[in-house]
Number of protein chains: 2
Amino acid sequence: MDDPPLRILIADDHPVVRAGLRAVLETEPDFVIVAEAATAEEAVELAGSGAADVVLMDLRFGGGMNGSQATAAITARPGAPRVLVVTTYDTDADTLPAIEAGATGYLLKDAPPEELAAAVRTAAAGRTALAPAVADRLMNRLRAPHTVLTRRETEVLALVAEGLSNQGIGERLHLTRATVKSHLAHVYAKLGVDSRTAAVAAALGLGIIRR
Amino acid sequence: MDDPPLRILIADDHPVVRAGLRAVLETEPDFVIVAEAATAEEAVELAGSGAADVVLMDLRFGGGMNGSQATAAITARPGAPRVLVVTTYDTDADTLPAIEAGATGYLLKDAPPEELAAAVRTAAAGRTALAPAVADRLMNRLRAPHTVLTRRETEVLALVAEGLSNQGIGERLHLTRATVKSHLAHVYAKLGVDSRTAAVAAALGLGIIRR
DNA sequence: GCCGGTCTCCACCTTTTGATCGATGCCCGG
DNA sequence: CCGGGCATCGATCAAAAGGTGGAGACCGGC
């Protein structure tokens with residue numbers, strides 16, 4: 001084993017998780033943790049210096065840029081390191097943007113240590129490393145092509161989810177009641193529902209809106 | 001420093017988090033990690049053996065018993081160890097049951113290592129260790145004494161959150177529309193809202209209904 | 001240059017919801 | 001045994017939401 005070491009950058013806002021990933025990965029003799037980042041911005045900066053082969057990226061940071069945005073920023077550059085998303089969350093809302101952003105893999109934090117190490121090697125080699133649960137969902141996604149709401153529709157729907165009336169939404173967005181209703185009618189059609197509450201429920205399930 | 005060591009049990013379904021907590025806590029010379037549990041059931045069993053002074057408890061496990069239930073099971077016994085909840089989630093839906101279940105403290109995983117160690121000592125001494133964010137919310141909770149919906153009201157509200165109409169809810173529960181409306185009127189009053197969608201939003205925030 | 005999607009708005013009509021009065025029966029605790 | 005909370009229903013009325021069938025303006029792509 002005289003291969004060059006595999007250089008890893010850990011990006012997570014939780015000190016405990018950083019320590020955990022470090023502890024798990026350092027049991028592999030050819031892995032070297034070259035840096036840790038506590039914010040997405042920091043991760044982008046450190047990844048840009050070319051010091052790492054693989055970035056382990058969390059998706060949610062306390063504030064500011066999120067993990068998907070950071071992933072996009074990192075992978076956009078030539079000669080960028082591979083980004084392996086390691087997160088707690090396993091929903092469409094989280095996975096899809098991360099994968100679109102150019103993540104090489106997506107693991108869940110409940111993965112056993114060996115799987116984690118194996119995924120890092122897979123990612124370093126440029127191949128995709130997906131957690132089984134994530135892989136499953138992606139397959140389903142391909143079968144049922146996904147609902148795309150326009151920006152305006154999503155915006156209106158988000159306000160519906162906050163309990164506002166059409167009138168209230170209109171005032172908030174400087175629109176008439178008619179326009180709001182029009183947007184909502186389109187949303188209902190796309191989601192296959194026929195009431196605002198059902199739309200909110202469906203959208204929460206699909207990860208179109210959050211919380 | 002010839003104090004007896006402080007014996008700690010780590011309960012979390014994520015290997016990475018267990019490794020992280022272990023790594024962080026082992027920097028304290030008088031801390032000893034006596035065991036790790038990957039399920040809530042395992043945690044209850046290990047805590048019952050009297051081998052630990054403090055249990056670090058996650059709230060969400062993959063399946064089966066959750067952390068609050070495990071906390072209740074552990075603290076119910078005489079001579080039980082202190083339970084310190086350490087989790088990612090910071091919502092009423094998570095904190096309140098845990099505290100009611102007898103947790104001595106509640107920390108978030110983004111706490112800095114020193115704070116974590118300090119909290120373990122505080123908990124071991126039987127004093128309450130709360131993350132600032134959690135403490136804040138508890139204060140608010142005391143000011144606005146909490147909403148208790150009756151079983152029927154909660155049941156109706158849950159169906160509203162699924163997008164059913166009053167008529168549909170009535171059919172599902174074998175009630176007339178009038179009864180459903182009556183229950184909902186009470187729900188609105190208790191939650192301080194005036195529409196079904198707002199009620200769903202509020203209830204999700206308060207953890208009265210889930211997902 | 002025209003087509004399609006998006007965003008904006010209007011009018012008319014039906015259905016649903018919410019608000020406000022009720023009423024009855026049940027059960028539990030003081 | 002009586003009050004109060006709970007659960008069940010009724011009726012009425014105004015407001016909101018949803019359905020239908022439009023229209024004009026903008027913009028990007030073929």
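Letters go in sequence order (proteins before strands), and every chain restarts at 1. Predicted model, so just to flag it, every value in this text is computed and none were measured.
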Would you indicate whether the side-chain heavy atoms of L107(A) and V85(A) approach each other to under 4.5 Å?
-> no

Length of the line joining R177(A):CZ and dC13(C):P, which is rounded to integer Å | 15 Å

Measure from NZ on K190(A) to C1' on dG5(C) and round the result to the nearest Å.
-> 9 Å

Does N166(A) have a side-chain nitrogen or oxygen under 4.0 Å from the phosphate oxygens OP1 or OP2 of dA16(D)?
-> no

Find out whether I33(A) and I10(A) are in side-chain contact, i.e. whether some heavy atom of one side chain is under 4.5 Å from a heavy atom of the other.
-> yes

Could you state the NE2-P distance from H186(A) to dG21(D), rounded to the nearest angstrom?
-> 13 Å

Have S68(A) and T71(A) got a donor and an acceptor in their side chains that come within less than 3.5 Å?
-> no

Hey, is the main chain of G168(A) close enough, under 3.5 Å, to the side chain of E171(A) for a donor-acceptor pair?
-> no

Can you tell me how far C1' of dA7(D) sits from CD1 of I169(B), to the nearest Å?
-> 16 Å

Reckon H183(A) touches a base, only the sugar-phosphate, or nothing at all at heavy-atom distances under 4.0 Å?
-> base

Please confirm whether the backbone N or O of A51(A) pairs with a side-chain atom of R7(A), one donor and one acceptor, at under 3.5 Å?
-> yes

Base, sugar-phosphate alone, or nothing: which one does T179(B) contact when heavy atoms must sit under 4.0 Å apart?
-> base

Closer to the 5' end of DNA chain D via nearest nucleotide, is it Y188(A) or L175(B)?
-> L175(B)

Is any side-chain N or O of T150(A) closer than 4.0 Å to OP1 or OP2 of dC7(C)?
-> yes

In whole Å, what is the span from the NZ atom of K181(B) to the C1' atom of dA19(C)?
-> 8 Å

Compare side-chain N and O positions of R152(B) against OP1 and OP2 of dT8(D) and report whether any pair is under 4.0 Å apart.
-> yes

L164(A) CG to dA17(D) C1', in whole Å, measures 14 Å

What is the distance, rounded to the nearest whole Å, between atom NE2 of H174(B) and atom P of dT8(D)?
-> 12 Å

Measure from CD on Q167(A) to P on dA15(D) and round the result to the nearest Å.
-> 13 Å

Compare the minimum distances between each of dG10(D), dA7(D), dG18(D) and the side chain of R151(B), then state the nucleotide with the smallest one.
-> dA7(D)

Select base, sugar-phosphate, or nothing to describe what S182(B) touches, counting heavy atoms under 4.0 Å on all strands.
-> base

Answer yes or no: does a side-chain N or O of R196(B) lie under 4.0 Å from OP1 or OP2 of dG18(C)?
-> yes

